[in-house]
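Beneath this line is the structure, given in structure tokens, with notes to follow.
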Amino acid sequence: MLSTPPMVNARNLITDYYDLIPAAVARCGAAPGAAAGTPGFAPAFDLPALTDDIREFFAAATATWRPLGEYHGHPVQFLDLTGNPGTHTTKTFASMLIVARAVEHIRRTGESICIFTPTSANKGIALRDAVGRALAAGLVKPDQLSVAVLAPASTRHKFRSDRLAADPALRPLNPLLRFTGGAAEGVKALGRAFVDEYAAEAHDKYGLNLWYSLDLRNYLVADAARAAFEADASPTSSAGPRWHAHAVSSAYGLLGYNLGRDVLEATGRAAPADRPGFLLVQHLGTPDMVLHLRHGSFSRSHLPRYRRDQADGGWSQREDPHFPEVTDDPDEVLDPTFYTHEPVTSPAMNDLIRRFGGDGIVVSRRECVRRYPMLRDWFAGSARPLPADPAQLREWSIVMALTGVLNAIDRGIVPAGHEIVLHGSGCYSGADYRTAEPDAEVSTVEGIAAMVLGHR
């Protein structure tokens, strides 16, 4: 039985924890990138003072914490990171800090910046939203700060018409580019190649710094605030054993949370003895982190053997409780946002789970749909109810994560007496936005350059 108590705790994860950010930066060794006009350019991690216009910019960086009740004796709490209506995902927080750093650099140096990001979808959506908010707040001028996004065709349905797309003057400066050159993950290599080849020309010819913004530390320092929020809303010192559950592609969010715990423990605001464990939730399209955690290898040869069920046309297995018992396709892509193969973050996450406890589980669409009526009833009284039809979902993170939690509890993967903190990292449906059309389809660095630099 899963109940929904009404108690809610709310914070702005940036302005309420502004003092935590420099400590997190120092703890993870983050530093400015290379010089202006070089492929490694990145601004310092300096942030603007919290003036009224900066607070206005950060106003959407909200999160809530609330208890959800119990499921088979396991208390479940919900950390909702989807409050920004421009994104409905946790990428809001890192994107706002990235843009704030760019604003501070522009103000100090007078140099213009174009943030360039390859993305499956949510990073790009959030960076576009943050740049639009910075322009609306008057922090910088349109010719000083822009963003270019390169995304695979498989996530075209996720991109939304926003203030950058709606303004005829802003749109050409902030192109949304669709990658047509192969597998979705190819956006990273092509984006890196573009910045490597054109950084000097962009600077020398147009006075523009290209910032390739995928450095892991850009995201860690933002997600560190999750640990500070937990210490305020539901401290681990007053709780029993706890696991944090997260739908992951590379587990940036959990690694950022752990950076926050490092900072809190170093200052005596939390104790190492009660650091939580972690439950990684993935889908069959990219189960790499769970495979690596359990087998020390990314090889799909470690997946259980699925057998065709002639009665319903699906596939089933009972060899390994960490993988879906039923699926429509052993290779299904439940959500293309989770697209990273062989993430470099796996060893670090494995080490945390070895030290503090935890596990991993993979879910299928069929399992999510079977749980969906119960999940929808549970969220009915919340600020973000689930749509009536799961086919309307465009972002499955929360549904994936909670399905993984309930499956893990039912299969005995979560130890008795452990409570769960569910990180609500993303949820939106087709009703939340109008889809944006790309400004161009590209497959080469020259194609990107024509769109990013051709309107300068």
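The structure presented is a predicted model; accordingly, all values stated were derived computationally and were not measured.
- In this structure, Tyr428 and Thr82 have side chains that are not in contact, with every pair of non-hydrogen atoms separated by 4.5 Å or more.
- In this structure, the side chain of Asp16 engages the main chain of Asn12 through a donor-acceptor pair within 3.5 Å.
- Under the side-chain contact (heavy atoms from CB on, under 4.5 Å) test applied with Leu135, the options Leu164, Asp167, Val99 reduce to a single match, Leu164.
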Salt bridge (charged side-chain N to carboxylate O under 4.0 Å, His left out), that's the test. Do Glu332 and Arg366 meet it? Break it down for me. CA-CA 10 Å; Glu332 76 173 358; Arg366 187 175 290 200; over 6 Å; no
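- Atom CG of Leu293 is separated from atom OG of Ser346 by 8.5 Å, given to the nearest 0.5 angstrom.
- A salt bridge does not link Arg133 to Glu56: none of the charged nitrogens lies less than 4.0 Å from a carboxylate oxygen.
- The structure places CG of Asp335 at 11.0 Å from CZ of Arg394, a figure rounded to the nearest 0.5 Å.
- For Glu395 and His88, the side-chain atoms include no donor-acceptor pair closer than 3.5 Å.
- In the model, Asn9 has no side-chain atom that pairs as donor or acceptor with a side-chain atom of Asp232 under 3.5 Å.
- Leu13 pairs in a side-chain contact (heavy atoms from CB on, under 4.5 Å) with only one of the listed residues (Leu81, Thr90, Thr92), which is Leu81.
- When all heavy atoms of Ala227 and Arg261 are compared, the closest pair comes out as CB-N, 3.6 Å.
- For the residue pair Glu201 / Tyr206, no side-chain donor-acceptor distance below 3.5 Å is found, with atom types taken as modelled.
- The backbone N or O of Thr286 sits less than 3.5 Å from a side-chain atom of Gln282, completing a donor-acceptor pair.
- The backbone N or O of Leu255 sits nowhere less than 3.5 Å from a side-chain atom of Asp223 that would complete a donor-acceptor pair.
- Atom OG in Ser364 sits 8.0 Å away from atom CZ in Arg370 (nearest 0.5 Å).
- Side-chain atoms of Arg128 come within 3.5 Å of backbone N or O of Asn174 as a donor-acceptor pair.
- The side-chain heavy atoms of Asp288 and Thr340, taken from C-beta on, include no pair separated by under 4.5 Å.
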So Phe379 and Tyr372, ring pair (Phe, Tyr, Trp, His ring centres under 6.0 Å) or not? Walk me through it. CA-CA 10 Å; Phe379 280 103; Tyr372 196 79; 9.5 Å; no
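- For Thr119 and Thr117, the side-chain atoms include no donor-acceptor pair closer than 3.5 Å.
- Note that CG of Asn350 is 11.0 Å distant from CZ of Arg294, once rounded to the nearest 0.5 Å.
- A donor-acceptor contact shorter than 3.5 Å is absent between the side chain of His246 and the backbone of Ser425.
- Although no hydrogens or angles enter the test, the distance criterion places no donor-acceptor pair under 3.5 Å between the side chain of Lys188 and the main chain of Pro118.
- Rounded to the nearest 0.5 angstrom, Ser299 OG and Glu342 CD are separated by 9.5 Å.
- Minimum heavy-atom separation, Ser213 to Tyr219: O-CE1, 3.8 Å.
- With contacts defined as side-chain heavy-atom distances shorter than 4.5 Å, the pair Met400/Leu334 qualifies.
- What you find for Pro390 and Trp396 is that their closest heavy atoms are O-CZ2, 3.5 Å.
- The aromatic rings of Tyr18 and Phe58 lie perpendicular to each other, with more than 60° between the two planes, well past the 30° mark.
- Taking every heavy atom of both residues into account, Arg269 and Ala228 meet most closely at NH2-CB, 4.4 Å.
- The side-chain heavy atoms of Asp162 and Asp129, taken from C-beta on, include no pair separated by under 4.5 Å.
- With hydrogens and angles left out, the side-chain atoms of Tyr306 and Asp329 include no donor and acceptor closer than 3.5 Å.
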Check step by step if side chain to side chain contact (heavy atoms under 4.5 Å, CB included) holds for Phe116 and Trp211. CA-CA 6 Å; Phe116 184 87; Trp211 179 13; over 6 Å; no
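- When all heavy atoms of Phe93 and Ala63 are compared, the closest pair comes out as CZ-CB, 4.4 Å.
- Counting only distance, with no hydrogens or angles, the side chain of Arg434 and the backbone of Ala431 share no donor-acceptor pair below 3.5 Å.
- Taken from CH2 in Trp65 to CZ in Arg226, the straight-line distance is 10.5 Å, to the nearest 0.5 Å.
- Pairing each heavy atom of Ala102 with each of Leu145, the nearest pair is CB-CD1, 3.9 Å.
- Between the side chains of Tyr257 and Asp262, not a single donor N or O lies within less than 3.5 Å of an accepting N or O.
- For the pair Leu177 and Ile448, the minimum side-chain heavy-atom distance is below 4.5 Å.
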Leu190 and Leu150: CA distance, side-chain angles, deciding distance, side chain to side chain contact (heavy atoms under 4.5 Å, CB included) verdict: CA-CA 9 Å; Leu190 183 63; Leu150 178 66; 4.1 Å; yes
Result block: side-chain N/O donor-acceptor pairs under 3.5 angstrom for residues 435-447, not counting sequence neighbours:
unit_1, atom_1, unit_2, atom_2, d
Asp439, OD1, Arg171, NE, 2.5
Asp439, OD1, Arg171, NH2, 3.2
Asp439, OD2, Leu176, N, 2.8
Glu441, OE2, Arg178, NH1, 3.3
Thr444, OG1, Gly447, N, 3.0

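- A side-chain donor from one of Lys158 and Thr337 sits under 3.5 Å from a side-chain acceptor of the other.
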Check the pair Arg300, Asp331 against salt bridge (charged side-chain N to carboxylate O under 4.0 Å, His left out), reporting the backbone distance first and the verdict last. CA-CA 10 Å; Arg300 292 181 70 89; Asp331 296 314; 2.9 Å; yes
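- Checked options Met349, His322, His244; the residue passing with Leu280 is Met349 (criterion: side-chain contact (heavy atoms from CB on, under 4.5 Å)).
- A salt bridge links Arg217 with Asp215: at least one charged nitrogen is closer than 4.0 Å to a carboxylate oxygen.
- Counting only heavy atoms from C-beta outward, the side chains of His302 and Phe323 never approach each other to under 4.5 Å.
- A donor-acceptor pair under 3.5 Å is formed between the side chain of Arg376 and the backbone N or O of Pro387.
- Atom CG of Asp351 has more than 12 heavy atoms from other residues, nucleotides or ligands within 6.0 Å.
- Residues Arg108 and Glu104 are paired through a salt bridge, judged by an N-O separation under 4.0 Å between the basic side chain and the carboxylate.
- Side-chain N/O atoms of Gln77 and Ser234 include a donor and acceptor closer than 3.5 Å.
- Residues Ile106 and Glu111 fail the side-chain proximity criterion, which asks for heavy atoms closer than 4.5 Å.
- Arg384 contributes a side-chain N or O that, together with a main-chain N or O of Cys427, makes up a donor-acceptor pair within less than 3.5 Å.
- Here the side chain of Thr267 pairs a donor or acceptor atom with the backbone of Val263 at under 3.5 angstrom.
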